[in-house]
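As structure tokens, the structure follows; a few thoughts come after it.
Since we're looking at a predicted model, the values are computed, not measured. What's counted below: heavy atoms across the whole structure, side chains too, no hydrogens, waters or symmetry copies.
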Amino acid sequence: MYILFNEAFVVLKGQVILMDMYCVDEVFELLKTYKITTHKESVRRWLRQGDLKGIAPSSRKDGWRISKEALDDFLQQRLPEGYTTDIVKETNQSNTTIVANEEEQRIRAKMWMDLANKNIWEGHVELKKTRIHECIQHRHYSKELEAKVWQHCIANSRAYKKPRVFYLLEAFGFEGKRLLLEKNFESLEEQVIFSILEHVRTFDR
């Protein structure tokens with residue numbers, strides 16, 4: 001494979017064949033559409049780790065370049081069986097047009113569980129007792145509920161010294177369940193904690 005003026009091509013039997021190439025921003029937008037990640041840094045991490053095959057930048061000005069074939073392979077590894085993709089790079093547009101043949105809502109939960117079962121996460125959020133206390137006060141909930149929430153957090157994180165949850169896309173894992181982030185709050189930590197509060201309130205009714 002060769003790169004000239006930011007275009008990639010291969011020479012096959014004396015013929016020059018241009019390859020569709022994507023930058024990190026384009027790949028991120030596509031993966032976000034398929035609900036695989038909501039963080040651009042995850043794309044760079046996958047590239048550095050080799051999970052997503054790409055051409056490393058030769059200088060600080062250059063960025064990663066990812067071929068259509070490498071992107072297809074990466075998608076097929078992370079999408080559920082039966083989910084097909086058709087990625088077309090428009091000649092006169094920099095945006096990627098995505099055609100998905102499955103009903104998005106129907107498979108979203110299944111896709112999330114498939115990834116979670118493979119221990120594929122975007123990251124984790126540590127649960128701090130002081131922050132839980134602040135969120136309890138914000139909702140004017142009782143000290144009894146606060147104690148129960150903290151007990152649930154500890155029980156959920158027995159394998160770790162500090163309580164934590166692992167998140168992926170719009171949800172996180174807690175007590176073997178998929179809990180949606182509370183999007184009414186700005187910070188990821190608050191989105192997790194307020195979702196846990198409502199989960200424990202419902203669980204203990």
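Atom OG1 of residue Thr38 and atom CG of residue Leu188 lie 8.0 Å apart, to the nearest 0.5 angstrom. Note that CD of Gln191 and CG of Leu179 are 13.0 Å apart. Values are rounded to the nearest 0.5 Å. Considering CD of Gln49 and CG of Leu47, their distance stands at 10.0 Å, rounded to 0.5 Å. Atom SG in Cys135 sits 9.5 Å away from atom CD1 in Ile196 (nearest 0.5 Å). In this structure, CG in Leu71 is found 5.5 Å from CG in Leu30, a value given to the nearest 0.5 Å. Atom CD1 of residue Ile36 and atom CD of residue Gln77 lie 10.0 Å apart, to the nearest 0.5 angstrom.
A salt bridge is defined here as a Lys NZ or Arg NE, NH1 or NH2 lying under 4.0 Å from an Asp or Glu carboxylate O, and Glu134 with Lys129 fails to meet this definition. Taking 4.0 Å as the cut-off between side-chain N and carboxylate O, Glu122 and Arg45 do not count as a salt-bridged pair. Under a 4.0 Å N-O distance rule, the pair Asp114/Lys110 qualifies as a salt bridge. Lys148 has a carboxylate O that lies under 4.0 Å from a charged side-chain N of Glu144, or vice versa, which qualifies the two as a salt bridge. Between Asp73 and Lys53 no salt bridge is recorded (no basic side-chain N to carboxylate O distance below 4.0 Å).
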Decide yes or no on side-chain hydrogen bond (donor to acceptor under 3.5 Å, both in side chains) for Ser195 and Glu182, but give the supporting numbers first. CA-CA 5 Å; Ser195 181; Glu182 180 51 77; over 6 Å; no
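His39 and Phe28 have their aromatic ring centers separated by at least 6.0 angstrom.
Inter-residue side-chain proximity for Arg65 and Tyr22 is flagged as unmet; no heavy-atom pair is nearer than 4.5 Å. Contact check for Arg44 versus Val24: side-chain heavy atoms found under the 4.5 Å cut-off.
Minimum interatomic distance between Trp150 and Lys128 (heavy atoms only, all atoms of both residues): CZ3-C, 3.9 Å. For Glu189 against Glu126, the heavy-atom pair with the smallest separation is OE2-O, 4.2 Å. Heavy-atom minimum distance, Leu127 versus Cys153: CD1-SG, 3.6 Å.
Side chain of Ser157 to backbone of Tyr160: no donor-acceptor contact under 3.5 angstrom is found.
Side-chain polar atoms of Trp121 and Asn119 form a donor-acceptor pair below 3.5 angstrom.
Annotation: cation-pi pair Arg78/Trp46 present, NZ/CZ under 6.0 Å from the ring centroid and within 45° of its normal.
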Report all side-chain donor-acceptor pairs from residues 162-176 shorter than 3.5 Å, counting only partners two or more places apart or in another chain.
unit_1: Glu170; atom_1: OE2; unit_2: Arg178; atom_2: NH2; d: 2.5
unit_1: Glu175; atom_1: OE1; unit_2: His152; atom_2: ND1; d: 3.4
unit_1: Glu175; atom_1: OE1; unit_2: His199; atom_2: NE2; d: 2.9
unit_1: Glu175; atom_1: OE2; unit_2: His152; atom_2: ND1; d: 2.6

